[in-house]
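Some notes on the structure that comes next.
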Amino acid sequence: MSESKIAIVGSGIVGVTAAYWLTRQGHDVVIFEKGAAYPYPHTPQWMDNHLHYYDNPAYHIDASLKSYTSDGIGFDLERERYMRVGGSATVWEAITIRMMAEDFWTNTLYGYGDDWAVDYDALEPYYGAAETLLGVAGTDDDNPFAPPRSMPYPLPPFDLAYDDTIMQERLLEAGITLHTTPQARTRLTFDSRPGCQNYGTCRYCPIGARYSPNHHLQQAVQTGLCTVQTNISVRRVIPDADGQGATLVYQPNDGGDEQEHHSQIVIVAAGALESARLLLLSRNERFPDGVGNAGGQVGQGLAFHHVWKGRMQYDEALYPFRFGGWTGQSLQFINTPTRGEHAAVKVEFASRKAYEPPMTWETALNLRDAMQPQLHWQQIVLQAEAPTSPEKYVTLSDSVDRFGDPFAHVHYHLTEFDANTYDFSRRVFDQFVAATRPAASEFPPMDFWDSGSHHMGTCRMGTSPDNSVVNVWGQVHGAPSVFVLGGSSFVGSSGAVNPTLTMVALAIRSAGYILDQLV
Amino acid sequence: MNFSRRQFLFGLVTALTAQAAPIRFASGIYWMQDDEPGPVDDTVIANLLAMVETLVHGHGSIEHYRTYFNWRTQNLPRYKPYYELFSIGLDEAARTLGEASFIDASDATRQAILTTAIELPHPQSALLRPTPALTLPSGEIPLDESLWLRFDQYIIGEMIMIYTQTNAWIMLGYDAWPGVPRGLDRYPLPVEVT
């Protein structure tokens with residue numbers, strides 16, 4: 001059996017944040033990653049995708065290792081999950097927005113969802129630390145809806161793109177504020193990352209301007225205290241009976257015997273689906289329903305954002321996507337007077353539509369005609385908060401992986417409250433249409449949504465095993481040597497804003513608590 | 001001036017009977033000599049780039065196509081023989097129309113040869129994952145009209161796809177396409193349409 005002070009399951013942004021914070025204080029960390037190594041900076045990947053137009057199979061993981069079953073969702077979750085070193089944040093959009101103070105108290109304030117066990121004030125200094133870690137470029141000067149902050153953004157903001165400024169002017173006439181987007185892209189050189197050069201191929205940023213966890217993972221490894229084991233499936237976590245440590249049972253993906261690794265602290269940072277799955281799989285005599293599941297809460301509280309994408313066509317050519325990142329957002333529709341009748345909604349303009357090749361063309365002789373319309377389209381994204389419900393949870397599937405372990409099963413059905421939120425989103429969209437005066441507009445039906453790759457809940461934090469899986473530090477109830485960090489510890493969704501900044505802030509906060517436990 | 005796909009194939013077959021590589025004829029079927037990845041002659045790349053140049057019409061640099069063609073033939077199977085066949089066909093078509101070679105041909109001649117190629121409907125998703133159904137077993141090459149489906153899969157469709165994601169943006173009025181460093185100074189400003 002191998003050993004380390006700390007073992008981390010999952011090398012995504014949360015696992016790496018914890019590893020980086022803990023190795024800086026001299027603790028040895030072993031990270032277990034199911035996927036393959038992933039070069040950083042992501043220049044080879046950029047070349048594969050944008051010079052060679054090659055979908056490199058080396059970075060994909062076989063379906064016998066990564067899969068799920070579901071009922072109630074119409075989109076493919078596998079297109080939102082990336083098992084590789086660095087995880088999904090190797091390809092993320094890098095939008096980094098703080099939750100609103102009210103998002104932590106939706107039950108008390110508005111009568112829906114559940115209150116968090118931490119609040120904005122407790123998390124605020126860690127938001128600052130997270131923004132510094134990720135190199136967030138932003139400003140609140142143009143955003144009257146931003147929550148209070150005790151420290152400035154580490155980097156200045158990215159200006160609105162020209163097409164956004166046109167929208168901004170028209171929206172302002174209608175009393176709607178479109179502001180810049182805080183994002184983890186280097187507006188200037190920062191922490192040895194070069195300043196953004198606007199390649200526009202941000203999914204595979206060739207220079208590291210768009211934050212990737214691999215940046216800090218490299219630094220953690222360079223300390224000599226952090227090792228990463230790849231192509232490994234962690235199959236069980238077994239807390240010590242005395243609570244002083246835990247053992248991971250793992251197996252190499254390509255064959256080989258089952259092995260064990262013991263550590264004083266285990267951090268499970270495998271995402272909402274896989275973290276819950278691991279705890280449920282880890283049934284034994286002491287944990288007959290899975291680790292941390294004495295109250296039946298593991299897997300419950302699953303929350304996706306509900307993202308509806310509309311689009312608007314304008315007579316004038318707007319030339320979208322001249323900037324690769326995100327520019328215009330509106331937090332105006334989060335804390336509205338009618339919140340409580342529906343959930344919060346965030347609005348963002350997306351320049352992506354023009355980046356897609358023509359969906360149809362007859363021959364290459366008429367390419368100009370086929371592509372010209374893209375100059376006139378704007379995509380608008382309405383990202384809605386998702387309260388939990390008994391109809392939203394993860395359990396174990398009847399379908400098994402190559403080791404015989406059940407995959408996760410996602411049960412997710414929209415509620416009447418979600419339908420009210422859809423109706424509100426539609427009304428917001430109509431306001432944007434009325435203000436910006438497109439020649440045409442389209443908004444999808446309620447069932448045509450996706451999660452925005454935001455998977456939350458399933459190992460929620462709280463004060464008791466009856467209502468949660470972990471405490472406010474991410475420590476599993478009944479298994480003090482095991483922590484679950486990341487979006488899985490959220491109580492419902494992260495309001496209507498993107499969850500990653502909150503995930504990193506909580507990870508930094510929990511790392512500090514873990515350090516105190518290790519003293 | 002018109003030049004049909006049938007004329008292109010006729011010229012290609014004629015040229016093939018006069019030279020050996022890249023195919024062989026056995027048991028009534030044409031076969032690839034070798035469908036493994038490998039470099040092609042500079043003249044093959046030059047012909048493919050001349051084809052791109054004809055399509056791109058001055059909408060920016062075409063060096064990324066050279067990178068693409070070289071990488072494809074040196075890393076993926078079957079690109080080498082199809083690139084070589086198509087190159088032979090381009091040269092023979094140019095000679096049929098009174099030119100020394102495709103590279104030396106006038107723009108009008110190149111246009112005439114390529115028009116039927118780019119008139120072919122292009123599958124949207126051919127670029128990253130070539131359709132397995134169009135892959136023949138054992139390196140068999142059909143020297144009939146269906147060969148055009150292979151040219152489309154391995155060459156023309158991919159070239160068009162790259163064009164839509166790069167040089168076509170110049171055609172539409174952008175000053176640069178995503179994938180090159182565009183800087184942060186110009187995107188907040190109006191586009192200077194020329």
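Here is the naming used below: chain letters follow the sequence lines, and residue numbers restart at 1 for every chain.
In this structure, the separation between CG on Leu51(A) and CG on Asn70(B) is 12.0 Å, given to the nearest 0.5 Å. To the nearest 0.5 Å, the span separating CD on Gln372(A) from CE on Met171(B) amounts to 7.5 Å. Atom OG1 of Thr67(B) sits about 14.5 Å away from atom NE2 of His50(A), to the nearest 0.5 Å.
Heavy atoms only, all atoms of each residue included: Trp46(A) and Gly179(B) are closest at CZ2-O, 3.3 Å. Contact detail for Asp159(A) and Pro188(B): the closest heavy-atom pair is CB-CG, 4.0 Å. Of all heavy-atom pairs spanning Arg187(A) and Leu184(B), the tightest one is NH1-CD1, 3.4 Å.
Of the two parts of Tyr204(A), neither the backbone nor the side chain holds a non-hydrogen atom closer than 4.5 Å to a non-hydrogen atom of chain B. Of the two parts of Tyr65(B), neither the backbone nor the side chain holds a non-hydrogen atom closer than 4.5 Å to a non-hydrogen atom of chain A.
Between the side chain of Arg322(A) and the main chain of Arg186(B), a donor-acceptor pair closer than 3.5 Å is present. In terms of modelled atom types and a separation under 3.5 Å, the side chain of Arg72(B) and the main chain of Tyr53(A) share a donor-acceptor contact. Side-chain atoms of Asn198(A) never come within 3.5 Å of backbone atoms of Arg182(B) as a donor-acceptor pair (strictly under, hydrogens ignored). Without hydrogens or angle criteria, Tyr174(B) side chain to Pro320(A) main chain gives a donor-acceptor distance under 3.5 Å.
Contact of the Phe321(A) side chain with the Pro178(B) side chain is registered, since non-hydrogen atoms from C-beta on lie closer than 4.5 Å.
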Side chain to side chain contact (heavy atoms under 4.5 Å, CB included) between Val191(B) and Tyr319(A): does it pass, once the steps are laid out? CA-CA 7 Å; Val191(B) 169; Tyr319(A) 291 91; 3.5 Å; yes
Evaluation steps, side chain to side chain contact (heavy atoms under 4.5 Å, CB included), between Gln374(A) and Leu172(B): CA-CA 10 Å; Gln374(A) 293 183 1; Leu172(B) 291 172; 5.8 Å; no
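The 12-atom threshold is exceeded at CZ of Phe75(A), counting heavy atoms of other residues, nucleotides or ligands nearer than 6.0 Å. Atom CZ of Arg437(A) sits in a crowded spot, with more than 12 heavy atoms from other residues, nucleotides or ligands closer than 6.0 Å.
Note on ring orientation: taking the six-membered ring where Trp is involved, the planes of Trp71(B) and Tyr54(A) are tilted (angle from 30° to 60°). Between Phe323(A) and Tyr187(B), the angle of the ring planes stays under 30°, which puts this pair in the parallel group of the 30/60° scheme.
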